[in-house]
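Note that the structure is predicted; figures quoted are calculated from it, not measured. In this chain, numbering begins with 1 at the start of the sequence shown. Every heavy atom of this structure was used, including side-chain atoms; hydrogens, water molecules and symmetry mates were not.
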Amino acid sequence: MVRFNFFLQVTFLAFVVLICKRYQGDWMQLQESNHRFLTQLRGGFRSTKLKSGKREHVTGQSTLARYSDKSHLFNTKRMISKLHDKKRGSPLVFYSIFAGREATLELQLPHILKLLEQNIVDEVHLWDFSCKQKREIKNWFGNGKNDTKFLWEEMLPKDERIYIVEPARCSWRDYYEYYSNLLHGGDVLIKADDDILFVDTSRVQGFVDTIRNYPQVYLWSASVINNGVVAGIHDKDGLLPPDIASLDYEVQQPLSAGVLAFNATAGRLAHTHFLNHSQEYYRPPPGKELRLIKGRLSINFVAWLGRNFHRTSSYIRTSGKNVDAGGGDEWVVTQLASAYFGQNIIVYLPLVAAHASFGQQNMYEKIISLYKRPEI
């Protein structure tokens, strides 16, 4: 009996040792993972041990993409976004930006801070896509490392409700996959380009309320200055001078040479006309505040109700489209969704936002200088 008890004790101790060794490695990996998450917000350089055993010096903003195929949001206090709180109660508003370029974000930042100050927006999510300036062969307007530095060292510390993420694959797909399983039904997700220079913040709450009141609408767009389809609507309403944009042409021939996105002269005229007659744009024709669109729409400033966003991720997965080439995500989000799947897309005219430039227009610097005037 004594020998049997001794045998049981030895067996138990051996089992405990085995379990400890088994989970020691997992615990150490967890600690290393947490360390990476926390240090991604620190500046300077650090030496990071890779799986191969070699060490590599990398910049301080984030190395998450090297270790995971998932993206994570953190703020300056190293807190995780409320998106991950499954027990949160009331629906939230998330303002997300395909971010990277300091020259344009400097003008958007005051509008963002005002929305936070007035509690119209609950969180701001900066998606650090400055990596695309290095990875993609196209004429990106930007300033590389300085743009990245601006996001992490200037924008992030402005408010603890500002969160930042470096996408794991530097792909638009990271963005759509991230939110698909995290948004609650009543949440509103706003997606803004980083070259949005102006937002009429007084109308954003109305925008959010309207989105929640019309859950059958799949996607919403603001009344965006220098957006082909929206300019076509403005043309129909008699707002714009002639020959800047045609709604029929923008919808039927969205990538042809004559559309606004390829016409710098028309783009500049759209901006200058808005700046000189802004009050007219704030008062859409009575009864025509909401305009139904079917076809391709530039997604410069758009929003989804949480319950509808999962459809976007599903369309992207099933389309087989390269979402990072030729505005592929835009084609899926708008043209495929509305023309093939019959989804409703609405332009909400009471909310005005100004989009600086399309890449083909290449008029960023000239337009930025226009919007630095304080009286807009």
Side-chain angles (χ1 to χ4, degrees), residues 98 172 176 190-193 195-196 207 210-211 214 216-271 273-274 280-281 284-285 287-304 308 311-312 315-316 319 321-323 325-361 363:
F98 280 16
W172 307 137
Y176 296 106
I190 297 172
K191 177 262 170 193
D193 285 345
D195 61 341
I196 291 293
F207 185 51
T210 304
I211 291 171
Y214 290 87
Q216 69 272 28
V217 176
Y218 157 73
L219 181 70
W220 296 79
S221 171
S223 179
V224 180
I225 307 302
N226 194 35
N227 173 296
V229 169
V230 176
I233 294 174
H234 291 162
D235 176 68
K236 275 191 170 297
D237 291 344
L239 272 178
L240 285 175
D243 301 325
I244 291 181
S246 163
L247 181 59
D248 293 337
Y249 196 74
E250 293 286 342
V251 171
Q252 296 171 10
Q253 306 289 333
L255 295 179
S256 62
V259 298
L260 181 68
F262 299 155
N263 190 332
T265 300
R268 285 194 297 271
L269 288 172
H271 280 295
H273 191 269
F274 163 66
E280 297 178 15
Y281 288 81
K288 295 184 177 181
E289 292 86 357
L290 309 182
R291 309 296 269 275
L292 180 65
I293 293 296
K294 187 174 184 179
R296 184 166 183 147
L297 171 74
S298 295
I299 51 175
N300 311 119
F301 193 103
V302 296
W304 295 262
N308 294 327
R311 298 176 185 173
T312 295
Y315 298 156
I316 287 176
S319 69
K321 187 82 171 176
N322 180 357
V323 298
D329 66 326
E330 184 174 278
W331 179 84
V332 173
V333 171
T334 61
Q335 188 165 339
L336 182 69
S338 64
Y340 185 80
F341 290 104
Q343 298 293 346
N344 293 322
I345 300 175
I346 296 289
V347 175
Y348 181 83
L349 289 179
L351 170 61
V352 178
H355 166 241
S357 177
F358 291 97
Q360 296 86 347
Q361 291 175 329
M363 55 180 188

key: Nearest heavy-atom neighbours spanning N227 and S298   = ND2-O, 2.9 Å

request  = Under the side chain to side chain contact (heavy atoms under 4.5 Å, CB included) rule, what do N263 and F358 come out as? Steps first, then yes or no, please.
outcome  = CA-CA 9 Å; N263 190 332; F358 291 97; over 6 Å; no

key: Test item: side-chain donor near acceptor, Y281 and H234, under 3.5 Å   = no

remark   = Interatomic distance, CD1@I316 vs CH2@W172, rounded to 0.5 Å, equals 11.5 Å

request  = Please identify each residue that fulfils ring-ring contact (aromatic ring centres under 6.0 Å, His included) with F341, with sequence neighbours left out.
outcome  = Y315

query = Counting distance only, does the side-chain N/O of N308 pair as donor-acceptor with the main-chain N or O of V217 below 3.5 Å?
reply = yes

F207 and W220 aromatic ring geometry - parallel, tilted or perpendicular at 30°/60° bounds = perpendicular

request  = Measure the CD1-CD distance between I345 and Q335 for me, rounded to the nearest 0.5 Å.
outcome  = 9.5 Å

query = Are the side chains of V302 and T334 in touch, meaning some heavy atoms are under 4.5 Å apart?
reply = no

ask   = Does a sphere of radius 6.0 Å around CG in N322 hold more than 12 heavy atoms from other residues, nucleotides or ligands, not counting ones at 6.0 Å or beyond?
value = yes

request  = Assess whether side chain to side chain contact (heavy atoms under 4.5 Å, CB included) is satisfied between Q343 and L219, documenting all intermediate values.
outcome  = CA-CA 8 Å; Q343 298 293 346; L219 181 70; over 6 Å; no

note = Sequence neighbours excluded, the answer for salt bridge (charged side-chain N to carboxylate O under 4.0 Å, His left out) partners of D193 is K191

inquiry  = Ignoring hydrogens, what is the shortest heavy-atom contact between L297 and S221? Give both atom names and the distance.
reply    = CD2-CB, 3.7 Å

ask   = Distance-only, no hydrogens or angles: does the H355 side chain make a donor-acceptor pair with backbone N or O of F301 under 3.5 Å?
value = no

Which atom of S338 lies closest to which atom of I293, heavy atoms considered = CB-O, 4.4 Å

ask   = Side chains of L336 and S319: closer than 4.5 Å at any heavy-atom pair?
value = yes

query = How long is the gap from CZ on R291 to CG on L247, to the nearest 0.5 Å?
reply = 8.5 Å

inquiry  = Within this structure, what is the NE2-CG distance for the pair H273 and L239, rounded to the nearest 0.5 Å?
reply    = 7.0 Å

query = How far does CG of N300 sit from CD of E330, to the nearest 0.5 angstrom?
reply = 7.0 Å

task = Could you tell me whether a side-chain N or O of N226 sits under 3.5 Å from a main-chain N or O of A356, the two making a donor and an acceptor?
result = yes

note = Note: A354 and H271 closest approach over all heavy atoms is CB-CE1, 4.4 Å

query = Between L260 and A266, which heavy-atom pair has the shortest distance, and what is it?
reply = CD1-CB, 3.5 Å

message = For Y176 and V332: C-alpha separation, side-chain torsions, deciding distance, then whether side chain to side chain contact (heavy atoms under 4.5 Å, CB included) applies.
response = CA-CA 11 Å; Y176 296 106; V332 173; over 6 Å; no

remark   = Looking only at heavy atoms, the pair that brings A222 and L351 closest together is CB-O, 3.5 Å

task = Would you please name every residue forming a salt bridge (charged side-chain N to carboxylate O under 4.0 Å, His left out) with E289, sequence neighbours left out?
result = none

message = Side chains of W331 and P254, heavy atoms from C-beta outward: is any pair under 4.5 Å?
response = no

task = Keeping the roles fixed (side chain from T312, backbone from V333), state whether a donor-acceptor pair exists under 3.5 Å.
result = no

